[in-house]
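Read the structure below first, then the notes.
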Amino acid sequence: MIDSKELFAKISGSSSDNEYFLPLPKGYQKGKTRYVIVMGTVMSGLGKGIFSSCLAKLLQDKGLKVAPIKLEGYLNIDSGTLNPFRHGEVFVLDDGMETDMDLGTYERMLDQNLSKLNFATSGQIYSSVLYKERHGDYLGRDVQMIPHVTGEVKLRLRELAMKTQADVVFVEIGGTVGDLENAFYIEAMRELAYEEGPHSCCYVALTYILEPSTLGEQKSKAAQLGIKQLLQLGVQPDIIACRCEHSVAEQARQKISVFGNVPFERVMSLHDSASVYSIPSMLRDSGIDFEVLRLLKIEDRIQLRHERKEWARWCDFMDKISKETRAVTIGITGKYTSVRDSYASILNALEHAGIHLGCKVNVKWIDTTDVIDANAGEYLKDVDGIIVPGGFGVRGMEGKIACVRYARENNLPYLGLCLGFQAAVIEFARNVCGLTEANSTEVEAECSEPVISVLPEQKKIEGLGGNMRLGGRDVEIKKDTLAWQLFGKETTVRLRFRHRYEVDPQYIKPLEDKGMTFSGKAPNQPIMQILELPNHAFFMGTQAHPELTSRPLRPQPMFVGFVAAAIKAAYKDESLKGPVAAAELVSKF
Ligand code: GLN
């Protein structure tokens with residue numbers, strides 16, 4: 001291979017008299033950052049994000065700085081316009097970027113806030129290339145997939161490396177090797193190792209071993225063909241991780257090793273496991289973390305003492321999973337079909353809270369299309385708490401409001417998330433304040449009591465198409481409220497938002513006069529962000545999406561409080577810890 005130092009010197013700054021093209025961010029230091037590139041073969045849905053985030057966690061535990069990036073094949077600029085029932089939830093980052101749900105997996109596993117640097121789509125790459133073309137940045141060259149589009153991809157990776165000063169950037173390529181959509185990403189990855197030189201990149205291919213029940217044995221042919229496809233694209237995998245229902249037999253691994261040119265010890269079994277939380281230890285046992293360090297020649301950068309401490313914390317958490325002694329059922333208003341991915345963060349947040357409280361959280365999906373006040377009790381009779389999650393549009397809204405009413409009147413723990421916060425305001429306005437026509441202008445544009453509407457300041461930016469409140473914002477917490485206690489008596493907390501409508505300020509006083517407490521609001525603005533009802537087992541709503549910031553080792557306090565209240569309701573045991581005591585317990589973890 002060409003000496004990459006020489007190559008860098010020769011071609012830094014593109015010129016039209018040679019074939020090299022190497023756009024580099026200013027000050028990029030070759031060799032500081034190494035790259036682990038994760039690609040999928042055979043089929044999608046292998047859990048590349050989970051695999052890559054767990055592997056990144058193992059390196060992070062060793063004291064290395066890691067930065068993940070997901071390269072999406074689709075042409076959308078971000079995930080904001082994607083239907084969550086088709087593509088999974090839209091995960092909003094603190095800087096407001098609307099991304100794929102995999103970014104949630106990375107944030108949770110690495111306990112790290114990510115930004116738009118960690119997410120690229122083909123749409124972003126192409127539009128940046130086209131923008132540069134119009135601005136004459138390509139110095140008279142014909143603009144091509146190679147080197148310009150692939151150059152843009154590498155530029156994004158190097159920018160991430162530079163800005164984060166990461167030891168290792170984890171690149172996850174969306175889709176499957178062989179897709180037309182991601183072919184240029186794979187070519188860019190091939191070029192990356194050529195430019196960065198030996199030991200700069202570690203290619204990991206995730207593949208799938210079939211186990212047809214009619215044969216009763218594992219078949220590796222599809223996996224072999226998948227790897228072959230990658231080799232045809234000029235990428236030699238360094239590690240092959242075999243997804244399979246059961247542990248992959250030695251013989252299948254041997255075959256893949258031979259066909260894939262990969263030493264046997266680097267062909268590992270990544271069989272199904274009961275919980276994602278056990279994957280880090282599965283990877284650790286396979287020794288893949290040290291294989292990666294050796295391949296990248298960065299063994300000297302690790303701190304084993306740091307690892308011992310971090311691993312002990314993780315093991316403490318794992319121990320709690322196996323010690324769940326209670327179970328509760330939480331109702332979530334959402335249609336069952338393909339909901340798991342569309343509400344991924346909520347399910348995770350419930351799970352985190354449950355694990356810390358020693359309680360298994362089961363979920364019952366409640367389709368609210370036919371729910372009315374008279375039958376809400378039927379739908380909710382076997383749940384110990386209810387969540388109305390975020391949503392857009394009008395479908396099932398009246399049913400959700402009926403569920404809120406049932407929860408309020410029957411002391412059933414309630415957590416309203418975004419749309420669920422708005423439903424709680426509408427229900428209270430109608431049934432407690434007597435504003436029978438109360439509604440949201442999203443549902444009924446011309447309604448006479450628009451308790452939820454678009455604020456004038458936001459209407460102004462409507463024309464620019466940007467009237468969604470997106471991303472992390474500070475929330476001022478009112479002293480002596482439940483929220484204040486749950487958040488450990490903090491007076492400012494940071495939550496993430498993705499919505500258009502708000503409580504109309506003219507209704508704040510009437511709502512408060514009847515007993516609704518707004519315990520969280522935007523600093524210096526009459527924008528209500530958390531509500532609660534005193535004298536209730538647990539009744540809280542937030543305009544934010546607290547589920548997005550729950551982490552395995554740092555469960556989100558509202559979820560902890562809510563699950564603790566549900567446990568109390570389910571076991572009807574007054575000696576059990578209430579929401580506040582439970583949240584205090586967790587914050588000490
Ligand atoms: N549709 C509501 C709004 O735009 C709620 C949004 C949400 O739940 N994410 O304000």
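We count ligands from 1, going down the list as the structure has it; atoms in each ligand are counted the same way.
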Which atom pairs, nitrogen or oxygen on both sides, join ligand 1 and the protein at under 3.5 angstrom?
| unit_1 | atom_1 | unit_2 | atom_2 | d |
| --- | --- | --- | --- | --- |
| ligand 1 | 1 (N) | G391 | O | 2.9 |
| ligand 1 | 1 (N) | E442 | OE1 | 2.7 |
| ligand 1 | 1 (N) | E442 | OE2 | 2.9 |
| ligand 1 | 4 (O) | R500 | N | 3.0 |
| ligand 1 | 8 (O) | G391 | N | 2.9 |
| ligand 1 | 8 (O) | G391 | O | 3.4 |
| ligand 1 | 8 (O) | L419 | N | 3.1 |
| ligand 1 | 9 (N) | R498 | O | 2.9 |
| ligand 1 | 9 (N) | H545 | NE2 | 3.2 |
| ligand 1 | 10 (O) | Q422 | NE2 | 3.0 |
| ligand 1 | 10 (O) | R500 | N | 3.1 |
| ligand 1 | 10 (O) | Y501 | N | 2.8 |

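Donor-acceptor pairing under 3.5 Å is lacking for the side chains of S448 and E437. A side-chain N or O of Y507 and one of E449 form a donor-acceptor pair less than 3.5 Å apart. The closest side-chain donor-acceptor pair between E172 and S52, if any, does not fall under 3.5 angstrom.
The salt bridge (charged side-chain N to carboxylate O under 4.0 Å, His left out) test applied to K116 returns no partner, not counting sequence neighbours.
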- Under the side chain to side chain donor-acceptor pair (under 3.5 Å) rule, what do Q529 and R473 come out as? Steps first, then yes or no, please. CA-CA 10 Å; Q529 294 174 329; R473 274 159 212 269; over 6 Å; no
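Salt bridge annotation for E107-R496: present, with a cationic side-chain nitrogen under 4.0 angstrom from a carboxylate oxygen.
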